[in-house]
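In what follows, a structure is listed as structure tokens, so that the remarks can point back to it.
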Amino acid sequence: MARTIDAAAHAARREEFLDAAQLLIESQGYARMSVQDVLAEVGTSKGAFYHYFDSKQALLQALVERNADLLQAHLAPIADAHERSALDDLQRFFAALAGWKTQRRDLLTALLKVWYSDDNAVVRHKTRSVISARVVPLLAAIVGRGLAEGIITARDPHQTARVLLSLVNDLNDALGELFLARDPHTPSAVLIEPAVAAYTDALERVLGLPSGSLRLVDVVTLAAWFDGDDPVKE
């Protein structure tokens, strides 16, 4: 007689492995994490692990997919909405991206040193790739509506969305570098404002929007990240 699988229990157990992997990657980096570390964190056997994942790489892929799914669900309602203009929805989209990070402020600031280490190079690459696959179609839908409304001038919504997301990712990297290298005697706004302004100008030019049309991030809120208690300081 075939063994009956409890789907809910199976899914919950799989989540335990993913939670353990995320905790370990955040604390020590993917390169240093071993399957044995995950087993110790969950408190189970190697056989149980391979029932869900066939390798450490498969575990990472599943973790990245889970996080990308959560972000996609967070952003999809904005891309699917049609009550406002495309420009309004584009602004809401960028605000939602910033809000996603704000909700995870303590975690993200604590992660920065590990995130930009060589030990997490693979994770960064996979995360960018998977999130791009989820987010670009949502952003392209808004860009497409902007083209139809005549407020955006761009050749192709999908390729334009890829460029926009690349710029946002690059701004995140620039801000991360500023955070790690900041001088406590220098006001954060002095560092943040030029970077945010430059990337905002770039996005507006890609979209053919007048200067001042977009607000990528609230500089005051961002400065509070830099000036608040520092979880990454040793």
Side-chain angles (χ1 to χ4, degrees), residues 64 67-104 108 112 115-116 121 123-179 181 188-223 225-226:
V64 171
N67 290 334
D69 286 344
L70 291 172
L71 179 58
Q72 182 181 29
H74 180 70
L75 297 173
I78 300 170
D80 294 338
H82 296 274
E83 295 83 8
R84 301 173 177 81
S85 71
L87 182 57
D88 286 340
D89 282 341
L90 190 62
Q91 185 61 70
R92 290 174 63 222
F93 194 90
F94 289 131
L97 272 174
W100 176 262
K101 297 178 178 66
T102 299
Q103 293 169 12
R104 294 156 178 79
L108 292 176
L112 278 174
W115 179 251
Y116 287 110
V123 181
R124 291 198 304 274
H125 175 74
K126 279 189 172 292
T127 298
R128 292 274 172 87
S129 176
V130 173
I131 285 181
S132 177
R134 298 287 200 285
V135 173
V136 164
L138 302 178
L139 196 49
I142 299 175
V143 173
R145 285 196 283 114
L147 285 169
E149 293 170 12
I151 62 173
I152 290 175
T153 57
R155 293 177 182 273
D156 177 87
H158 184 82
Q159 295 303 324
T160 300
R162 286 180 61 89
V163 173
L164 296 179
L165 187 59
S166 294
L167 287 169
V168 170
N169 285 333
D170 198 57
L171 173 59
N172 288 336
D173 288 342
L175 292 173
E177 292 169 6
L178 287 174
F179 183 89
S188 297
V190 173
L191 302 173
I192 296 169
E193 287 181 5
V196 172
Y199 281 92
T200 302
D201 287 345
L203 266 75
E204 288 171 341
R205 291 180 183 181
V206 168
L207 292 166
L209 294 172
S211 179
S213 298
L214 293 177
R215 186 186 187 190
L216 280 186
V217 64
D218 183 345
V219 174
V220 174
T221 300
L222 191 58
W225 280 47
F226 279 60

Whether Thr200 side chain and Val196 backbone form a donor-acceptor pair below 3.5 Å:
yes
Sequence neighbours excluded, the answer for side chain to side chain contact (heavy atoms under 4.5 Å, CB included) partners of Ser166 is none
- Worked check of side chain to side chain contact (heavy atoms under 4.5 Å, CB included) between Val143 and Leu164: CA-CA 10 Å; Val143 173; Leu164 296 179; 4.0 Å; yes
In terms of heavy-atom contacts, Pro137 and Ser132 come closest through CD-O, 3.9 Å
- Item | Glu149 (side chain) donor-acceptor with Ser85 (main chain) under 3.5 angstrom | no
When Leu87, Ile151, Leu214 are each screened for side-chain contact (heavy atoms from CB on, under 4.5 Å) with Leu207, the one that passes is Leu214
In sequence, state the C-alpha distance, the side-chain angles, and the governing distance for Asn67 and Thr127, and then conclude on side chain to side chain contact (heavy atoms under 4.5 Å, CB included). CA-CA 9 Å; Asn67 290 334; Thr127 298; over 6 Å; no
Rounded to the nearest 0.5 Å, the CG atom of Leu75 sits from the CZ atom of Arg92 at a distance of 11.0 Å
The complete set of salt bridge (charged side-chain N to carboxylate O under 4.0 Å, His left out) pairs with one or both residues in residues 190-204, sequence neighbours excluded, reads none
Separation between CG (Asn172) and CG (Leu97), nearest 0.5 Å, reads 8.0 Å
Taking every heavy atom of Val136 against every heavy atom of Ala161, the minimum-distance pair comes out as O-CB, 3.6 Å
For Leu178 and Ala195, the nearest pair of non-hydrogen atoms, with its separation, is CD1-CB, 4.3 Å
Requested in this report: Using a strict cut-off of less than 4.0 Å between a Lys/Arg side-chain nitrogen and an Asp/Glu carboxylate oxygen, indicate whether Asp173 and Arg128 qualify as a salt bridge.
Outcome: yes
Rounded to the nearest 0.5 Å, the CG atom of Leu171 sits from the CG atom of Leu167 at a distance of 9.0 Å
Rounding to 0.5 Å, atoms CG (Leu175) and CG (Asp170) come to a distance of 10.0 Å
side-chain hydrogen bond (donor to acceptor under 3.5 Å, both in side chains) filter on Arg145, not counting sequence neighbours, yields His82, Asp89
### Task
Give the C-alpha distance, both sets of side-chain angles, the deciding distance and a yes or no for side chain to side chain contact (heavy atoms under 4.5 Å, CB included) between Ile152 and Ile142.
CA-CA 10 Å; Ile152 290 175; Ile142 299 175; 5.8 Å; no
- Just wondering, are more than 12 heavy atoms of other shown residues or ligands nearer than 6.0 Å to CZ in Arg162? no
Side chain to side chain contact (heavy atoms under 4.5 Å, CB included) between Leu138 and Ile78: does it pass, once the steps are laid out?
CA-CA 8 Å; Leu138 302 178; Ile78 300 170; over 6 Å; no
